[in-house]
Amino acid sequence: MAAFSTSSSRPYHIIIFGASGFTGQFVVEEVARTASEGPKGNLKWAVAGRNRTKLEKVVEQAAGALSKPELKSEVDILVADVSDPDSLAVMCKQAVIVLSCVGPYRFFGEPVVKSCVENGTHCIDISGEPQFLERMQLNYHDQAAEKGVYIVGSCGFDSIPADMGVIYTRDQFKGTLTSIESFLTASAGTEGGCIHDGTWQSAIYGLADGNKLRSLRKKFGHKPLPVVGAKIKRRGTLFYSNELQQYAIPFMGSDPSVVKRTQRFLNEELTESPVQYGAYVGVGGISNIFKLVFAGLMFFFLVKFSFGRNLLIKFPEFFSFGFFSKEGPTRKQMEGSSFRFIFHGEGYTEGSDPSEGKPNGKIRTLVKGPGTMPIFHNILNEKSITYFG
């Protein structure tokens, strides 16, 4: 069975794999900042990746950013490569949990999951790629369950705010919540903002492999989730959102599929009533609509062809009007950015029968935060409850 505590042969609570990547360096800082909150106030952790020199630099940067010079001597460095299974096995055998930061996960994620399962190590990643997430479930669920290993995907902005927001809203509703729509907006500070092109690449390959994802899902043999109460009405491809007071489009990230997987588990394993879910993102006013239409047409045309995908990957700034970049946001841009998720739920209050009539109860939850750190606000009966996550 998988371990839940360290030992002489498994000395690390956490190993951050891919620590020298764009996301990995921030994970290193966050772990270093919160290490004293670990078991008995002493979280033993290490960083791992292909290049020792780059890993040393990341630890040094974290030490400087947090004014913790001791990190340079306290944090161990391990060399491991996804193309070398033996090196992954050596790494996994030393950790209780591996934090995998090696995206795009469709190319680099599976060897890490496979090694973790084989070596009794729990694995957490921040993937927002439905095809990878569902393929890992299909290929490794039974083996992981047999060994007591937890493989937990989408533990970043994709899709913690959405998944936890739905569950939190459901739990706060007094009755049977049957549907939720979420509306996402993001704001940049005075320094502006952009998104690292790793997300851009995931979107490119995700759309290009849409048929493979549909084929993959058929292998599960899932039955449709039961619809409780009134069926949720899907919005159009582009619409004006009264909830946001701006134009919006369906959210094309992993949130809808991740939330549906959670709802399926709650329904099939715990016999809980599933919540229908629709996800949308605000895109602003008319000027942004023209940019969106132009960029969208180019994107959907080019992504169909190999040469087009190469162009999109090579020039993310041009094809996304600067929204994505190879360098990613600066530290100041990240510190100045914020997001808001508004969840609008409908359901049947206590004593009402969901099989009769229209929903007679509503609830609104606000999930917001600086950068990508969520804060949960529930607005119900004019009361506000705040949770920090």
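FYI, side chains are in, hydrogens and waters are out, and symmetry mates aren't considered; it's all heavy atoms of this structure.
Listed by chain and residue number, Tyr348, Pro359 satisfy the side-chain contact (heavy atoms from CB on, under 4.5 Å) test with Ala230 (two or more places apart in sequence, or in another chain). Residues passing the salt bridge (Lys or Arg N to Asp or Glu O under 4.0 Å) test with Arg331, sequence neighbours excluded: Glu29. Annotation: salt bridge (Lys or Arg N to Asp or Glu O under 4.0 Å) contacts of Arg264 (sequence neighbours excluded): Glu268. In this view, Lys114 and Glu118 satisfy the salt bridge (Lys or Arg N to Asp or Glu O under 4.0 Å) rule, not counting sequence neighbours. Listed by chain and residue number, Asp163 satisfy the side chain to side chain donor-acceptor pair (under 3.5 Å) test with Thr262 (two or more places apart in sequence, or in another chain). Residues that satisfy the salt bridge (Lys or Arg N to Asp or Glu O under 4.0 Å) test with Glu74, not counting sequence neighbours, are absent from this structure.
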Would you tabulate the side-chain donor-acceptor contacts of residues 191-198 under 3.5 Å, counting partners in other chains and residues two or more places apart, or write 'none'?
| residue | atom | partner | partner atom | Å |
| --- | --- | --- | --- | --- |
| His196 | ND1 | Gly198 | N | 3.1 |
| His196 | NE2 | Lys326 | O | 3.3 |
| Asp197 | OD2 | Gln201 | NE2 | 3.3 |

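Among residues at least two apart or in separate chains, ring pair (Phe, Tyr, Trp, His ring centres under 6.0 Å) pairs with a member in residues 235-259 are Phe239-Tyr280, Tyr240-Tyr247. Sorted by first and then second residue, the side-chain hydrogen bond (donor to acceptor under 3.5 Å, both in side chains) pairs with a member in residues 150-162 read Ser159-Ser254, Ser159-Asp255; sequence neighbours excluded. Counting only residues at least two apart or on different chains, the salt bridge (Lys or Arg N to Asp or Glu O under 4.0 Å) pairs with a member in residues 123-141 are Arg106-Glu129, Glu110-Arg135, Glu134-Arg217. Applying the ring pair (Phe, Tyr, Trp, His ring centres under 6.0 Å) rule to pairs touching residues 67-105 yields Tyr105-Phe132, sequence neighbours excluded.
Residue Glu146 qualifies as open at atom CD: its count of foreign heavy atoms under 6.0 Å is 12 or below.
In this structure, Val227 stands alone, with no Ile, Leu, Val, Met, Phe, Trp or Tyr side-chain heavy atom under 4.5 Å from its own, directly or through other members.
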